[in-house]
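Numbers restart at 1 for each chain; the letters A, B, ... are given by sequence-line order, proteins then strands.
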2 protein chains.
Amino acid sequence: MPGTRSLRSDARRNYDLIVAAAVAEVARSGAEASLEKIARDAGVGSATLHRHFPSRQALLEAVFHDRVEGLCAQARELTGAADPGRALADWLRAVAVHGATARGLAASLLASGRDPSPPSSSSCEFMLHDAGSMLLRRARDAGAARPEVSMDDLLTMVNAVSLATEDGPYAARLVTLAIEGIHPGPA
Amino acid sequence: MPGTRSLRSDARRNYDLIVAAAVAEVARSGAEASLEKIARDAGVGSATLHRHFPSRQALLEAVFHDRVEGLCAQARELTGAADPGRALADWLRAVAVHGATARGLAASLLASGRDPSPPSSSSCEFMLHDAGSMLLRRARDAGAARPEVSMDDLLTMVNAVSLATEDGPYAARLVTLAIEGIHPGPA
DNA sequence: ATCCAAACGGGGTGGCACCCCGTTTCGAGC
DNA sequence: GCTCGAAACGGGGTGCCACCCCGTTTGGAT
């Protein structure tokens, strides 16, 4: 939410009401929740919702913003970990589990990655990419990641798993599988 | 389409018209295509479409049936291949690419795996599971796959990638990544 | 206190999934 | 080849939705 300065007080209050209602409704019904119902719950007209959030995508980004910031903070903590390979793996699992649990987070990230929208610096995808890059670099330096694997690859993979499972533990299992590969490893 | 016997001739003709229209429309607009439009294009009333296909899922399964059969046939061919590990990998890539290309195939498979629908023996998911199991068994026997990796794991992973990419070559790349793992391998 | 741009929201539009039920059509039995 | 009941059809209705228009209200700078 950059430039929040210029919002009039009533606009700002409605913005917050809408996000609060959206958080509750998305938790209950997933990312396909009715925007009309969210507006109704927030006590605003549907036009107001559409004015603040021109697309469903925009609203979802606001809804998941806190969660994504949490993941970014976690990435920052893990940057100092002793085992960079494990740190990266742990973080990717955490992202997948959050995406699978918070139904729609994955879809949200995914869409923001593909749509003709400039990935603004506050978008979920950009934030995660940024936070994860450090972990990947360290893992690569430690010889724990192939050099040709990019952060985009990893985020897409993790989003994919989130999208497909929407179930925490199983999402973690699949991410582990993708990290380790299916061959009987040296480990 | 088991039990097609009992369909009256006009019903059968409409069934085929609907599937044909659906194939075209899904190719154009993806799996979220309007069912009303499909019915209109097929020249039938929307009620007729809903009578033949009680859910979007049911229609999509019919739409992708041929494609899935092709993949199953490919699996059967690959069963005799010299390198079982490579055969499995090739097939998984093929499934991912088809799923990503035929927009909605992945979503179709996915939903059929999670919904409260008994995976009928003709469902996409069942057919692919069946066909792939042979390849996985051979790969495992050849020491090219960890024993704890299941066909469900692999299909979910491949569907996930299809869902997330909808782009052939990149889907293949991600599947390869998942198969090999991200660590610098012995290969 | 004034004023106007910013924000609001009721209500309209068009599209959709899904269903009801009166009408048409098939095809089995004669 | 006719009859007739069952099977299938489809126009139109319902309710929900996203999204927008535009007359009305309100904040806050002056």
Between D:dC19, C:dA7, C:dC18, spot the one nearest the side chain of A:L35, thanks.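 From the listed options, D:dC19 comes nearest.
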What is the separation between atom [atom1] on [X] and atom [atom2] on [N], rounded to the nearest whole Å?
X     : N      : atom1 : atom2 : result
B:I18 : D:dG10 : CD1   : C1'   : 11 Å
B:H50 : C:dC20 : NE2   : P     : 13 Å
B:D10 : C:dT24 : CG    : P     : 15 Å
A:L59 : D:dC19 : CG    : C1'   : 15 Å
B:L7  : C:dG27 : CG    : C1'   : 14 Å
B:Q57 : C:dC18 : CD    : P     : 12 Å
B:E32 : D:dC17 : CD    : P     : 16 Å
B:I38 : C:dC18 : CD1   : P     : 12 Å

Can you see if the side chain of [X] gets near the phosphate of [N] - specifically, an N or O under 4.0 Å from OP1 or OP2?
X     : N      : value
A:S34 : D:dA18 : yes
A:S9  : D:dG27 : no
A:R12 : C:dA6  : no
A:N14 : C:dC8  : yes
A:H52 : C:dA7  : no

Has the side chain of [X] got a donor or acceptor that lies under 3.5 Å from a partner of the other kind on the base of [N]?
X     : N      : value
A:R8  : C:dA6  : yes
A:E36 : D:dC19 : yes
B:R40 : D:dG10 : no

Just checking [X]: base, sugar-phosphate only, or nothing, at a heavy-atom cut-off of under 4.0 Å?
X     : value
A:R13 : nothing
B:R56 : sugar-phosphate
B:T48 : base
B:A11 : sugar-phosphate

What residue among B:R8, B:R13, B:R12 forms side chain to side chain donor-acceptor pair (under 3.5 Å) with B:D10?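 The side chain to side chain donor-acceptor pair (under 3.5 Å) with B:D10 is passed solely by B:R8 among B:R8, B:R13, B:R12.
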Do you see a donor-acceptor pair shorter than 3.5 Å between the side chains of A:N159 and A:S162?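 The criterion, which ignores hydrogens and geometry beyond distance, is not satisfied for A:S162 and A:N159.
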Side chains of B:R138 and B:T79: any donor to acceptor distance under 3.5 Å?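 No pair is found: no donor N or O on one side chain lies under 3.5 Å from an acceptor on the other.
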For the residue pair B:L59 and B:V26, establish whether any side-chain heavy-atom pair is separated by less than 4.5 Å.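 Not in contact.
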Close side-chain approach of A:H65 to A:M127, heavy-atom, < 4.5 Å: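 SC-SC contact between A:H65 and A:M127 confirmed.
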Hey, which of these two, A:K37 or A:R51, hits DNA chain D nearer its 5' end, going by closest nucleotide?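 The answer here is A:K37.
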Should the ring pair B:H52 and B:Y15 be called parallel, tilted or perpendicular, given that the plane angle runs from 0 to 90° and is split at 30 and 60?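 Perpendicular.
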5' priority, DNA chain C, between A:V44 and B:P54 [closest heavy atom]: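 Of the two residues, A:V44 wins.
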